[in-house]
Amino acid sequence: MHFEIKQIGTIYSPFKKMEEAPIQPRFSDKPGKIEVFPEYKEGLKDLEGFSHIILLYYFHLAKEEQLIIRPFMEPDKPKGIFATRYNKRPNKIGLSICEIDKIENNIIYVKYIDVLDQTPLIDIKPLVPLFDFRNIEKIKVGWLSNKKERPKQ
Ligand SMILES: C[S@@+](CC[C@H](N)C(=O)[O-])C[C@H]1O[C@@H](n2cnc3c(N)ncnc32)[C@H](O)[C@@H]1O
């Protein structure tokens, strides 16, 4: 099957170049601004009660896809792309869980962002621990299990 996905907005951040962006929101200290295009603004109704959102977006500046990559957290040990969050994926879809600062009209301000400026937004979903985690203490993180800190980029 082949899909078409439409852009529903744009993510703005202070990061203009690939090497400037942190690898995850958890390692970012910079805020971001999510513009939802006016025709989708109605869909933001009731989002204000949530503290965190899941952003899905298109890694529009990722070049060729790779199935084996060298991740930032362990560059000397290549990994399969689906065991990582790397950007050169077959569908180039990125995901960031972000803390909402405020929502004004069709703009969501988030406290910390990890994506490049002008990244095309695909979807927004609320983070709901009840839905997403059955036994959080039993979650296993594979090759990342001994990682405690942000990597040097
Ligand atoms: C490892 S990826 C992870 C991003 C996301 N939080 C995830 O888990 O899907 C983060 C890196 O992707 C790159 N990146 C961010 N926005 C991008 C974009 N629009 N196009 C291509 N690469 C991007 C940056 O270099 C950043 O350091």
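Order of listing sets the numbers, starting from 1, for every ligand and every atom in it.
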Of Leu55, Ile11, Ile23, the residue with the heavy atom nearest atom 3 (C) of ligand 1 is Ile23

Criterion side chain to side chain contact (heavy atoms under 4.5 Å, CB included) on Asp76 and Glu74, from CA distance to verdict: CA-CA 6 Å; Asp76 50 332; Glu74 210 167 70; 3.9 Å; yes

Run the numbers for me: atoms of ligand 1, each under 4.0 Å from some heavy atom of Val115, listed by number. 15 (C), 16 (N)

What pairs with Lys16 under side chain to side chain contact (heavy atoms under 4.5 Å, CB included), at least two apart in sequence or on another chain? Glu20, Asp117

Do the non-hydrogen side-chain atoms of Lys125 and Leu56 ever get within less than 4.5 Å of each other? yes

Does an N or O anywhere in Tyr86 fall below 3.5 Å from an N or O of ligand 1? no

Numbered atoms and elements of ligand 1 in range of Gly94, under 4.0 angstrom, heavy atoms: 9 (O)

Connected-component partners of Tyr12 among ILVMFWY, side-chain separation under 4.5 Å: none

Option of least heavy-atom distance to atom 7 (C) of ligand 1 (set: Leu95, Asn87, Ile69): Leu95

OH (Tyr86) and CZ (Phe72) are apart, to the nearest 0.5 Å, by 5.0 Å

Give the atom numbers and elements of ligand 1 that come within less than 4.0 Å of a heavy atom of Pro22. 26 (C), 27 (O)

Tell me whether Glu65 is salt-bridged to Lys92, with the criterion being a basic N under 4.0 Å from an acidic carboxylate O. no

Identify, by atom number and element, the atoms of ligand 1 in contact range of Leu61, meaning under 4.0 Å from any of its heavy atoms. 20 (N), 21 (C)

As a test of understanding, state which of Val115, Thr10, Ile34 forms a side chain to side chain contact (heavy atoms under 4.5 Å, CB included) with Leu121. Ile34

As an exercise, identify every atom of ligand 1 less than 4.0 angstrom from a heavy atom of Ser96. 5 (C), 6 (N)

Ring of Trp143, cation from Lys77 - is the NZ or CZ under 6.0 Å from the centre and inside 45° of the axis? no

Could you list the atoms of ligand 1 found under 4.0 angstrom from a heavy atom of Ala21? 24 (C), 26 (C), 27 (O)

With heavy atoms of Tyr57 as the reference, note each atom of ligand 1 found under 4.0 Å away. 4 (C), 5 (C), 6 (N)

Which is closest to atom 14 (N) of ligand 1 by heavy-atom distance: Phe72, Phe59, Phe15, Tyr58? Phe59

